[in-house]
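Just follow the structure's listing: the first ligand is 1, and inside any ligand the first atom is 1. Fair warning: this is a prediction, and the values are worked out from it, not measured in the lab.
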Amino acid sequence: MTTATPKIEAANPFENALQQLDRALHYLDVSPGMAEFLRRPHREFTVNFPVRMDNGEIQMFTGYRVQHSIVRGPAKGGIRYHPMVSMDEVRALSMWMTWKCAVMNLPYGGAKGGIIVDPRQLSQGEVERMTRRFAYELIPIIGPDQDIPAPDVNTGAQTMAWIMDTYSMTTGTPSPGVVTGKPVSVGGSLGRSEATGRGVMYTTLRALKHLDIPVKEARVVVQGFGNVGAVAAYLMQEEGATIIGVGDVSGALYDPNGLDARDVLAYARGHSNLIEGYPKAKAITNEELLTLECDVLIPAALENQITAANAGQIKARVIAEGANGPTTPEADDILRQRGIMIIPDILCNAGGVTVSYLEWVQDRQYFFWTEDEINSRLERMMDEGFYAVLKIAQDMEVDMRTAAYILAVRRVVEVAQLRGFYP
Ligand code: GLU
């Protein structure tokens, strides 16, 4: 007698990233050695470091930076502060950055970093000292031509200003190009803070057009109400869509007649950046939020939100991945069978790193563009990325994620082959 062993879903984001890569490799003529080269992160850095807390005591923190690839250019990717940060998470996120930059044809490799911390538990001064010490520890491996950090979960423009300052003071050279996502007055770019959400909006509009869904009839649900989710929500609303649900770590809100995303955001700003208690909508759970009947679901929080456990209940027609890695490979299979179109993370949320690239270019030439110039370049680049991926999906009869991976892996492999392997 055989007993059926239930398939245990990998919760490990790096396992998921490797599975996604393997699916694309299936369609490509890549040698086993080259495939292994793509699978292994180039460089992994771990540091344990002390920070003096406000009460005078020393607390130890652990930080990571993984450079998955430097084939197409300097390593590029954000730094996140979160209690669930782990080496495998950072590995996955760094690999996703490699593919994201390649899909967008940016001259970058991929990297990611993080500190295991809940910054809500720290004072502003403690966050600053932790950031500066981590930045100091990163100096041997980051730089405008080596590896360029940026904001990610729970980090932002102020974090980048501290990293830029620590790097510049330590090396003796003002170096705005060492990080992107800086405040505009420190060499940041206009449009950068909204760029990820704006890119989500641009790709979502194109997916709706492809599916013949008028944006004015589109009902949108957004999970995560930070820098990506909130911006995507109000920009979609400005395009005429109805935002019927939003959620964050504190809970979720529902209004079938439409929420005013900017009003929810103003409320959150006055309530520790949380939407809980917002009076003009019905409170629902985060599980209910994900399975609301809608046209567009925008997961814009963390990894592993859409899994084999809930993919069967999702009632969206398009999933626009504002977050990195929100959908597991098992969930992907279920959604594909159900005919739900996914705009994959490495395309959908690439607006952030795309404007990071524009910021870095401006920093290198000390010449800055207008916000209109930035937004129109971003729209053009997202448009190119979206249609390049859609064409592969149609020509090769694959889903959008596999198509995006095929495009990205081809581009990385082409450069790796032309450059050759040193020595
Ligand atoms: N953290 C963002 C991302 O996941 C932005 C990275 C960047 O701008 O380098 O794409």
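The M97 neighbourhood of ligand 1 comprises atoms 3 (C), 4 (O), 6 (C), 10 (O), with distances under 4.0 Å to a heavy atom of that residue. Interface atoms of ligand 1 facing G77, defined by a heavy-atom separation under 4.0 Å, are 9 (O). Near V353, with a cut-off below 4.0 Å to any heavy atom, the atoms of ligand 1 are 7 (C), 8 (O), 9 (O).
Atom 9 (O) of ligand 1 has its closest protein heavy atom at K76 NZ, 2.8 Å. The nearest protein atom to atom 10 (O) of ligand 1, hydrogens excluded, is given as K100 NZ, 2.6 Å; this is a heavy-atom distance. When hydrogens are left out, the protein atom nearest atom 7 (C) of ligand 1 is A150 CB, 3.3 Å; that is the closest non-hydrogen contact. Nearest to atom 5 (C) of ligand 1 among the protein's heavy atoms is R192 NH2, 3.6 Å. Protein heavy atom closest to atom 4 (O) of ligand 1, with residue, atom name and distance, is K112 NZ, 2.9 Å. What sits closest to atom 8 (O) of ligand 1 on the protein, heavy atoms only, is S356 OG, 2.5 Å.
Classification of the F134-F49 ring pair by plane angle, with boundaries at 30° and 60°, yields parallel.
Aromatic ring centres of F45 and Y64 lie farther apart than the 6.0 Å criterion allows.
For OH of Y357, the number of neighbouring non-hydrogen atoms (other residues, nucleotides, ligands) closer than 6.0 Å is 12 at most. The local environment of OH in Y136 is sparse, with at most 12 non-hydrogen atoms from other residues, nucleotides or ligands closer than 6.0 Å.
At a cut-off of 3.5 Å, with distance as the only test, no side-chain donor of T307 or E330 sits close to an acceptor on the other residue.
On a distance-only criterion, N349 and ligand 1 share no N/O pair closer than 3.5 Å. Below 3.5 Å of separation, one finds an N or O of P151 facing an N or O of ligand 1.
H68 places no side-chain N or O within 3.5 Å of a backbone atom of A75 that could act as its donor or acceptor partner.
Contact annotation: for N324 versus ligand 1, heavy atoms closer than 4.0 Å belong to the side chain alone.
Expressed to the nearest 0.5 Å, how far CD1 of I142 lies from CD1 of I148 amounts to 9.5 Å.
Looking at K100, E303, E89 one by one, the single match for side chain to side chain donor-acceptor pair (under 3.5 Å) with N324 turns out to be K100.
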